[in-house]
Undergrad: 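Quick one: structure below, then a few questions.
Just the heavy atoms: all of them, side chains too, but no hydrogens, waters or symmetry mates, feed the values below. Note that the structure is predicted; figures quoted are calculated from it, not measured.
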Amino acid sequence: QVQVTESGGGLVQAGGCLRLSCTASGPTFRRYAMGWFHQVPGHEREFVAAIAWSGGQTYYPDSVKGRFILSRDSGTNTVYLQMNNLKPEDTAVYYCRVGDGEWEYGYWGRGTQVTVSS
């Protein structure tokens with residue numbers, strides 16, 4: 001149904017930065033929030049950041065707070081995750097999440113690999 005497209009992953013040295021982008025397109029849906037999770041093979045998918053579409057309130061876990069910044073462009077249905085001071089433990093596949101009416105129901109992107117070398 002709704003298509004979620006991510007970009008911006010890559011290889012970076014520890015302390016470096018990357019910017020991920022995610023765009024949602026396709027059939028009409030009620031956009032509730034957009035954000036990011038990441039996942040290491042064999043581990044649970046973990047929350048990274050989210051932004052409420054109506055008010056723009058952002059949410060971050062302690063692991064990324066102060067390093068990652070999530071922003072939105074409502075005109076293009078795009079969110080950007082600026083990742084600063086990257087650490088090797090940030091290495092994972094990052095998946096964009098689009099909430100359709102609520103956070104629990106929505107769509108996932110295919111994922112973009114972020115690798116941080118030490």
Undergrad: Do Ser7 and Ser21 have a side chain donor and acceptor closer than 3.5 Å?
TA: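 Per modelled atom types, Ser7 and Ser21 side chains form a pair under 3.5 Å.
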Undergrad: Can you list everything that forms a side chain to side chain donor-acceptor pair (under 3.5 Å) with Gln113? Sequence neighbours excluded, please.
TA: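 Here the qualifying residues are Thr115.
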Undergrad: Tell me whether Leu81 shares a hydrophobic cluster with Val116, the cluster being built from Ile, Leu, Val, Met, Phe, Trp, Tyr side chains joined at under 4.5 Å.
TA: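 Yes, it is one cluster - the side chains of Leu81 and Val116 are joined through contacts under 4.5 Å.
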Undergrad: When you compare the side chain of Trp103 with that of Met34, does any pair of heavy atoms fall below 4.5 Å?
TA: no
Undergrad: Is the side chain of Thr78 donor-acceptor paired with the backbone N or O of Asp73 at a distance under 3.5 Å, no angle test?
TA: no
Undergrad: Could you pull out every donor-acceptor pair under 3.5 Å between side chains of residues 46-66 and any protein atom, sequence neighbours left out?
TA:
{"unit_1": "Glu46", "atom_1": "OE1", "unit_2": "His38", "atom_2": "NE2", "d": "3.2"}
{"unit_1": "Tyr60", "atom_1": "OH", "unit_2": "Leu70", "atom_2": "N", "d": "2.7"}

Undergrad: Decide yes or no for Phe68 and Gln82: does some side-chain heavy atom of the first lie under 4.5 Å from some side-chain heavy atom of the second?
TA: no
Undergrad: As an exercise, state the distance from OG1 of Thr112 to CG of Leu18, rounded to the nearest 0.5 Å.
TA: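 If we round to the nearest 0.5 Å, Thr112:OG1 and Leu18:CG are 9.0 Å apart.
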Undergrad: Per the salt bridge (charged side-chain N to carboxylate O under 4.0 Å, His left out) rule, what does the pair list look like for residues 85-112, sequence neighbours excluded?
TA: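 Matches after skipping sequence neighbours: Arg67-Asp90.
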Undergrad: Using 0.5 Å steps for rounding, measure from the CH2 atom of Trp36 to the SG atom of Cys22.
TA: 5.0 Å
Undergrad: Is it the case that Arg72 places NZ or CZ above or below the six-membered ring of Tyr80, under 6.0 angstrom from the centre and within 45 degrees of the axis?
TA: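 No, Arg72 does not sit over the ring of Tyr80.
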Undergrad: Is any side-chain heavy atom of Asn77 closer than 4.5 Å to a side-chain heavy atom of Arg31?
TA: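 SC-SC contact between Asn77 and Arg31 confirmed.
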Undergrad: Search all heavy atoms of Val2 against all heavy atoms of Ala24 and return the closest pair with its distance.
TA: CG1-CB, 4.3 Å
Undergrad: Using modelled atom types and a 3.5 Å cut-off, is there a donor and acceptor pairing between side-chain atoms of Glu6 and backbone atoms of Gly111?
TA: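 Side chain of Glu6 to backbone of Gly111, a donor-acceptor pair under 3.5 Å: yes, one is there.
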Undergrad: Is the closest side-chain heavy-atom distance between Val114 and Leu20 below 4.5 Å?
TA: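 Sidechains of Leu20 and Val114: in contact.
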Undergrad: Determine whether Met83 and Cys17 make a side-chain contact, defined as any pair of heavy atoms from C-beta on separated by less than 4.5 Å.
TA: no
Undergrad: Identify the residue among Tyr94, Tyr95, Trp108 that makes a ring-ring contact (aromatic ring centres under 6.0 Å, His included) with Phe37.
TA: Trp108
Undergrad: Could you grab the distance from atom CG of Leu86 to atom OG of Ser118, nearest 0.5 Å is fine?
TA: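 Spacing of CG (Leu86) from OG (Ser118) equals 12.5 Å.
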Undergrad: How close do Ala92 and Val40 get, counting heavy atoms only, and between which atoms?
TA: CB-CG2, 3.9 Å
Undergrad: Hey, any chance Val98 and Tyr32 share a hydrophobic cluster, counting ILVMFWY side chains that come within less than 4.5 Å of each other, even indirectly?
TA: no
